[in-house]
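For clarity, every value in this text was computed on a predicted model and none was experimentally measured.
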Amino acid sequence: MTDKLYLTPDENFPEDLTGMADQELQVLDSQVQRQLDYEVISDGESNRETEVRHYEIDGEFQTRNDR
């Protein structure tokens with residue numbers, strides 16, 4: 001597990017979230033959410049890449065919830 005609290009838009013993001021364990025996905029979600037919060041607070045808006053990542057993670061959570 002990573003010690004980073006956030007994941008910048010320039011850092012690697014998994015291409016396939018389906019193979020991640022629930023806990024790994026939750027950590028990734030937390031990192032992306034913290035990055036979104038930082039961008040909005042510091043820049044007044046979020047980075048498009050961070051938004052897309054957040055959307056993909058939410059979609060994977062929804063898929064797992066629907067099973």
Establish, from distance only, whether the side-chain atoms of [X] and [Y] form a donor-acceptor pair under 3.5 Å.
X     : Y     : result
Gln26 : Asp22 : no
Gln35 : Gln31 : no
Thr8  : Asp10 : no

| request: Can you measure from CD (Glu60) to CG (Asn65) and round to the nearest 0.5 angstrom? | output: 11.5 Å
List the atom of [X], the atom of [Y], and the distance in Å for their closest heavy-atom pair.
X     : Y     : answer
Arg64 : Leu17 : NH2-O, 2.9 Å
Asn47 : Glu39 : N-OE1, 2.7 Å
Leu25 : Met20 : N-CE, 4.0 Å
Val32 : Leu7  : CG2-CD2, 4.3 Å
Arg34 : Leu5  : CD-O, 2.9 Å

| said: For the backbone of Gly59 and the side chain of Thr63, can you confirm whether one donor and one acceptor N or O come within less than 3.5 Å of each other? | reply: yes
| query | Yes or no on side-chain contact (heavy atoms from CB on, under 4.5 Å) for Arg48 and Glu51, after CA distance, side-chain angles and deciding distance? | reply | CA-CA 5 Å; Arg48 179 72 180 137; Glu51 287 180 17; 3.5 Å; yes
| message | Tell me if the CZ atom of Phe61 is crowded by more than 12 foreign heavy atoms within 6.0 Å. | response | yes
| said: Tell me whether Asp66 at atom CG has more than 12 heavy atoms from other residues, nucleotides or ligands lying less than 6.0 Å away. | reply: yes
| task | Any chance you could lay out the side-chain contact (heavy atoms from CB on, under 4.5 Å) test for Thr50 and Tyr6, step after step, and finish with the verdict? | result | CA-CA 11 Å; Thr50 305; Tyr6 56 88; over 6 Å; no
| query | Hey, is Glu56 close enough to Arg53 for a salt bridge, meaning N to O under 4.0 Å? | reply | no
| field | Evaluation steps, side-chain contact (heavy atoms from CB on, under 4.5 Å), between Gln62 and Asp58 | value | CA-CA 6 Å; Gln62 188 62 49; Asp58 283 349; over 6 Å; no
| Can you check side-chain contact (heavy atoms from CB on, under 4.5 Å) on Glu24 and Leu28, steps first, answer last? | CA-CA 6 Å; Glu24 291 174 317; Leu28 184 63; over 6 Å; no
